[in-house]
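Read through the structure below, which is laid out as structure tokens, and then see the notes.
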Amino acid sequence: MLKEFREFAMKGNVVDLAVGVIIGAAFGAIVTSLVGDVIMPVIGAITGGLDFSNYFTPLSKAVNASNLADAKKQGAVLAWGNFLTLTLNFLIIAFVLFIVIRAMNKLKRKDEAAPAPPKLTRQEELLIEIRDLLKKG
């Protein structure tokens, strides 16, 4: 059983999948930082210092806090600002993946579009043989 598991784990697809998951997690962290540390502060500066991650709508009359962390402690809140940030994360990831896949498809089409050399007729093959023999002689 251990031998079978080792063979399964060492198959190319499993290793490729593991590498993809690890790279995907790292890519997700980069995009999260891009959105949280670069894009959202710029949007906040343009809109007059708004911090979208702290926007919420209280769902209980007991909630009277001005920031999301304290509001969650007081009761139910609809944290739509955080949802907006995560949606922006998703859109950026989807767009980058679209660009990468589009580039890969373009490269694949170039490889497929390269025409195969035309097949030589029997007469052309004989002429090439005669030419090669004359060069040797």
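Keep in mind it's a predicted model, so treat the numbers as computed, not measured.
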I need the [X] [atom1] to [Y] [atom2] distance, nearest 0.5 Å.
X: D70; Y: K72; atom1: CG; atom2: NZ; result: 11.5 Å
X: L133; Y: I128; atom1: CG; atom2: CD1; result: 12.0 Å
X: L68; Y: K73; atom1: CG; atom2: NZ; result: 11.0 Å
X: E129; Y: L134; atom1: CD; atom2: CG; result: 12.0 Å
X: I30; Y: D37; atom1: CD1; atom2: CG; result: 12.0 Å
X: I92; Y: L34; atom1: CD1; atom2: CG; result: 5.0 Å

Item to complete: Dump the intermediate steps for side-chain contact (heavy atoms from CB on, under 4.5 Å) on F90 and L86, then the final yes or no.
Response: CA-CA 6 Å; F90 170 77; L86 292 176; over 6 Å; no
Excluding sequence neighbours, so at least two apart, what forms salt bridge (Lys or Arg N to Asp or Glu O under 4.0 Å) with R102?
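R102 satisfies salt bridge (Lys or Arg N to Asp or Glu O under 4.0 Å) with no residue once adjacent residues are dropped.
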>> Under the rule for salt bridge (Lys or Arg N to Asp or Glu O under 4.0 Å), what residues qualify as partners of E124, not counting sequence neighbours?
In response: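 Partners of E124 under the salt bridge (Lys or Arg N to Asp or Glu O under 4.0 Å) test: none.
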| request: Can you see which heavy atom on A65 is nearest to which on A71, and at what distance? | output: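 The answer is CB-N, 3.5 Å.
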### Message
Treating T87 as the side-chain partner and F83 as the backbone partner, does any N or O pair qualify as donor plus acceptor under 3.5 Å?
### Response
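Checking the backbone N and O of F83 against the side chain of T87, a donor-acceptor pair under 3.5 Å is found.
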| said: Strictly distance-based, threshold 3.5 Å: is any side-chain N or O of N54 a donor or acceptor partner for the main-chain N or O of N67? | reply: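 Checked: no pair found.
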Item checked: Verify same cluster id: F27, L88 (apolar side-chain graph, 4.5 Å) ->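 Same hydrophobic cluster.
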With hydrophobic residues grouped by side-chain heavy-atom distances under 4.5 Å, do V38 and L84 end up in a single group?
->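 In one cluster: yes.
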Taking the side chain as every heavy atom from C-beta outward, state whether F56 and L78 have any atom pair closer than 4.5 Å.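 No - every pair of side-chain heavy atoms lies 4.5 Å or more apart.
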Exercise for review: Taking the side chain as every heavy atom from C-beta outward, state whether V77 and T57 have any atom pair closer than 4.5 Å.
Suggested key: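 No, side chains not in contact.
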